[in-house]
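Each remark here refers to the structure printed beneath this line.
First listed ligand is number 1; within each ligand, the first listed atom is number 1. All figures in this text were calculated on a predicted structure; none of them were measured in a lab. The first residue in the sequence is number 1, and the count goes up from there.
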Amino acid sequence: HRHLLGIEGLSHLDIEALLERAETYVALSRQVEKKTATLRGRTQINLFFEPSTRTQASFELAGKRLGADVMNMSVGSSSVKKGETLIDTAATLNAMRPDILVVRHHAAGAVNLLARKVDCSVVNAGDGAHEHPTQALLDALTIRRNKGRIAGLTVAICGDIVHSRVARSNIILLSALGAKVRLIAPSTLLPTGVERMGVEVFRDMKKGLEGVDIVMMLRLQLERMNGAFVPSSKEYFRYFGLDRDKLSLAAPDALVMHPGPMNRGVEISSEVADGAQSLIREQVEMGVAVRMAVLDALAQQLPNG
Ligand code: CP
């Protein structure tokens with residue numbers, strides 16, 4: 001593969017190989033000296049058309065730990081503000097001969113389109129409600145390290161599924177690796193026909209949580225709801241927020257995940273987010289290692305790689 005545009009299209013073996021490679025970078029990132037020369041001489045540009053804390057910071061750190069020259073394009077002060085299109089922006093950056101472009105965009109499919117217009121490798125850092133492949137990979141790595149496996153686990157993904165690229169990438173990846181996936185959400189936040197993806201759907205959170213091994217919470221993506229009915233935070237929390245009482249319905253050793261950013265008191269209580277069953281901080285740590293693995297794997301495919 002020259003690009004990483006989604007989990008769709010990756011084989012079981014591709015995923016396992018990336019997770020194995022990421023393990024070595026978890027170990028390296030825990031050392032005092034965190035750098036290798038794997039990407040020395042390479043240029044990586046991070047092009048984020050949507051806000052990000054975790055993904056952008058970890059792609060920058062990942063590239064730097066591998067020895068690449070990393071540039072963060074500041075879209076807010078770029079010529080995008082003067083009406084330059086996505087494709088012209090990409091073609092302009094491509095002319096500067098980067099090796100890897102890491103792109104986040106609000107439109108589903110925008111990153112795939114861009115990948116067809118440039119010579120370098122492209123990594124999807126989240127496109128609309130389509131895919132966020134490195135998030136699903138870091139989630140899988142986090143689960144595997146804590147549960148020792150993914151096959152046979154039951155994972156409940158809860159909340160705003162319809163707007164979530166994280167949910168979509170995770171459904172594809174977790175199913176490919178043999179987990180059972182449940183979706184828990186009100187009807188208004190479920191995509192139509194999602195059952196065709198081989199998941200079980202619950203509109204009652206208490207029923208959906210029964211016996212699950214992993215509870216993955218999602219933020220209400222208000223920025224994608226333009227004008228649609230939005231439940232009040234208090235009402236949403238009552239029925240679909242994860243608190244200690246609802247979590248007690250999951251398996252006794254269930255673990256809690258959230259891709260971030262979290263809205264405390266809306267989809268998750270602080271007690272659960274900061275509690276002993278939470279893997280949220282570890283997910284962030286795994287994010288750097290997984291992105292190092294992805295950049296490294298793509299660099300092997302580049303000319304002279
Ligand atoms: N999980 C995630 O993509 O977070 P950011 O939007 O902060 O990158």
(request) With atom 3 (O) of ligand 1 as the reference point, say which of H132, R219, R165, R54 has the nearest heavy atom. (result)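 Looking at heavy atoms only, the winner is H132.
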
(request) Could you walk me through whether E285 and S29 pass side-chain contact (heavy atoms from CB on, under 4.5 Å), step by step? (result) CA-CA 9 Å; E285 183 188 359; S29 294; 5.7 Å; no

(request) Tell me, please, whether F59 has R291 positioned over its six-membered ring: NZ or CZ under 6.0 Å from the ring centre and within 45 degrees of its axis? (result)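 Relative to the ring axis of F59, which defines the angle, R291 lies inside both limits.
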
(message) Using a 6.0 Å distance limit plus a 45 degree cone around the ring axis, check whether K246 lies over the aromatic ring of F237.
(response) yes

(request) Please write down residue, atom name and distance for the protein heavy atom closest to atom 2 (C) of ligand 1. (result) T55 OG1, 3.5 Å

(request) List the closest protein heavy-atom neighbour of atom 1 (N) of ligand 1: residue, atom name, distance to the nearest 0.1 Å. (result)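 For atom 1 (N) of ligand 1, the nearest protein heavy atom comes out as P259 O, 2.8 Å.
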
Give the atoms of ligand 1, by number and element, whose distance to some non-hydrogen atom of [X] is under 4.0 Å.
| X | result |
| --- | --- |
| T53 | 5 (P), 7 (O), 8 (O) |
| G260 | 1 (N), 2 (C), 4 (O) |
| Q135 | 1 (N), 2 (C) |

(message) Quick one: does any side-chain atom of S278 pair with a main-chain N or O of G275 as donor and acceptor, under 3.5 Å?
(response)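 Not confirmed, S278 side chain does not pair with G275 backbone.
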
(message) Could you check whether any side-chain N or O of S175 sits under 3.5 Å from a backbone N or O of I172, counting only pairs where one atom can act as donor and the other as acceptor?
(response) no

(message) D139 and side chain to side chain contact (heavy atoms under 4.5 Å, CB included): which single residue from N170, L279, V290, L173 fits?
(response) N170

(message) For R104, state whether at least one heavy atom is located under 4.0 Å from any atom of ligand 1.
(response) yes

(request) Give a yes/no on ligand 1: does G126 have at least one heavy atom closer than 4.0 angstrom to it? (result)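 No, G126 has no heavy atoms under 4.0 Å from ligand 1.
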
